[in-house]
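Read the structure below first, then the notes.
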Amino acid sequence: MDVITGRGTPPGAPWPRTEAEARAVQDALRARVERADRAPAPGAPGALVTGVDVAYDDDRDAVAAAAVTLDAATLEVVEQATARARVVFPYVPGLLAFREIPAAADALSRLRQRPGLLVCDGYGLAHPKRFGLASHLGVLTGVPSIGVAKSPFLYRHGPVGEERGDGAPLLDGEEEVGRALRTRAGVKPVFVSVGHAVSLPAACAHVLALAPRYRLPETTRRADTLCRAALRAAP
DNA sequence: GCGACAG
DNA sequence: ATCTTGTCGC
């Protein structure tokens, strides 16, 4: 698919190397997040949903990314791609995108079909600058995106019902920035936030449709397994 | 200034 | 993210 980042670097400007440069990029791109929902309906037959994940080996300075596209209705794999690269940015809370996107965009660019939705590991609008990894990847590709995280990051939430589908607002003070969503009865919830061109209710519906059995969406499970395999594949 | 902090 | 075995439970 077409990724305007080409091999992972935005056109015109080199990838940020310092925290200050990275924060400036977030400030510049945040206005490009679309609010209107143009993602396919959750579980829509034939709709394509792509999970993206990245694995690291800091000792070998290596990263591997994977993009796995599933049919939204059957959750079967339609196509998948991987990419390997060097670590270009350290992990800094709030700047995760600058560490993950170069390799992730490379893997995405190797997909033949453009998906209707991207599912990222981490957050979108639930971010200090309201521009987390999911929003960043959504804006760069133009594809609607959501973020599904495994921990609440900087945010708080009230009690979440014990049944699958129960949820509670993720709050930054008074502002709702996402949702703690139970995908499996009695299991720790996941933390969903809007990335780009998707509403929060729709994002939650997508997550539930993508996670019929396990805590995490099948998209992220598949992408996680694949990028780990790709990392150890080529020493 | 110090601690917390998606992956 | 990653270092790591067995074990409890559906």
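Order of the sequence lines fixes the chain letters, A, B, ..., with proteins taken first and strands second; residue numbering starts at 1 for each chain. Quick caveat: nothing in here was measured; it's all calculated off a predicted structure.
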What are the atom names and distances for every N/O pair under 3.5 Å that joins the protein to nucleotides 5-7 of chain B?
unit_1	atom_1	unit_2	atom_2	d
dA6(B)	OP2	Y91(A)	OH	3.1
dA6(B)	N7	G94(A)	N	3.2
dA6(B)	N6	G94(A)	O	3.1
dA6(B)	N6	L95(A)	N	3.4
dA6(B)	N6	L96(A)	N	3.2
dA6(B)	N6	H127(A)	NE2	3.4
dA6(B)	N1	L133(A)	N	3.2
dA6(B)	N3	Y123(A)	N	3.1
dG7(B)	OP1	K150(A)	N	2.8

List, with names and distances, any nitrogen or oxygen atoms from the protein found under 3.5 Å away from nitrogen or oxygen atoms belonging to nucleotides 5-10 of chain C.
none

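Rounding to whole angstrom units, CZ of residue R228(A) and P of dT2(C) are separated by 5 Å. Between the C1' atom of dA1(C) and the CZ atom of R60(A) lies a distance of 15 Å, rounded to the nearest Å.
A distance of 6.5 Å separates OG in S145(A) from NE2 in H196(A), rounded to the nearest 0.5 Å. Rounding to the nearest 0.5 Å places CD of E100(A) at 3.5 Å from OH of Y56(A).
Residue-level contact check: R184(A) touches neither bases nor backbone, having no heavy atom under 4.0 Å from any strand.
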Show me, pair by pair, the donor-acceptor contacts under 3.5 angstrom made by side chains of residues 203-212 of chain A, not counting sequence neighbours?
unit_1	atom_1	unit_2	atom_2	d
H206(A)	ND1	A202(A)	O	3.0
H206(A)	NE2	P40(A)	O	3.0

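Salt-bridge check for D172(A) with R130(A): passed, with a basic side-chain N closer than 4.0 Å to an acidic carboxylate O.
Contact record, L117(A) with A39(A): CD1-CB, 4.3 Å, taken as the closest heavy-atom pair.
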Take F153(A) and F191(A) through the test ring-ring contact (aromatic ring centres under 6.0 Å, His included) and record every step on the way to the result. CA-CA 9 Å; F153(A) 196 20; F191(A) 305 89; over 10 Å; no

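Contact annotation: the side chain of K150(A) approaches that of R215(A) to within less than 4.5 Å [non-hydrogen atoms, C-beta and beyond].
Between H136(A) and F98(A), the ring-plane angle classifies as perpendicular under the 30° and 60° cut-offs.
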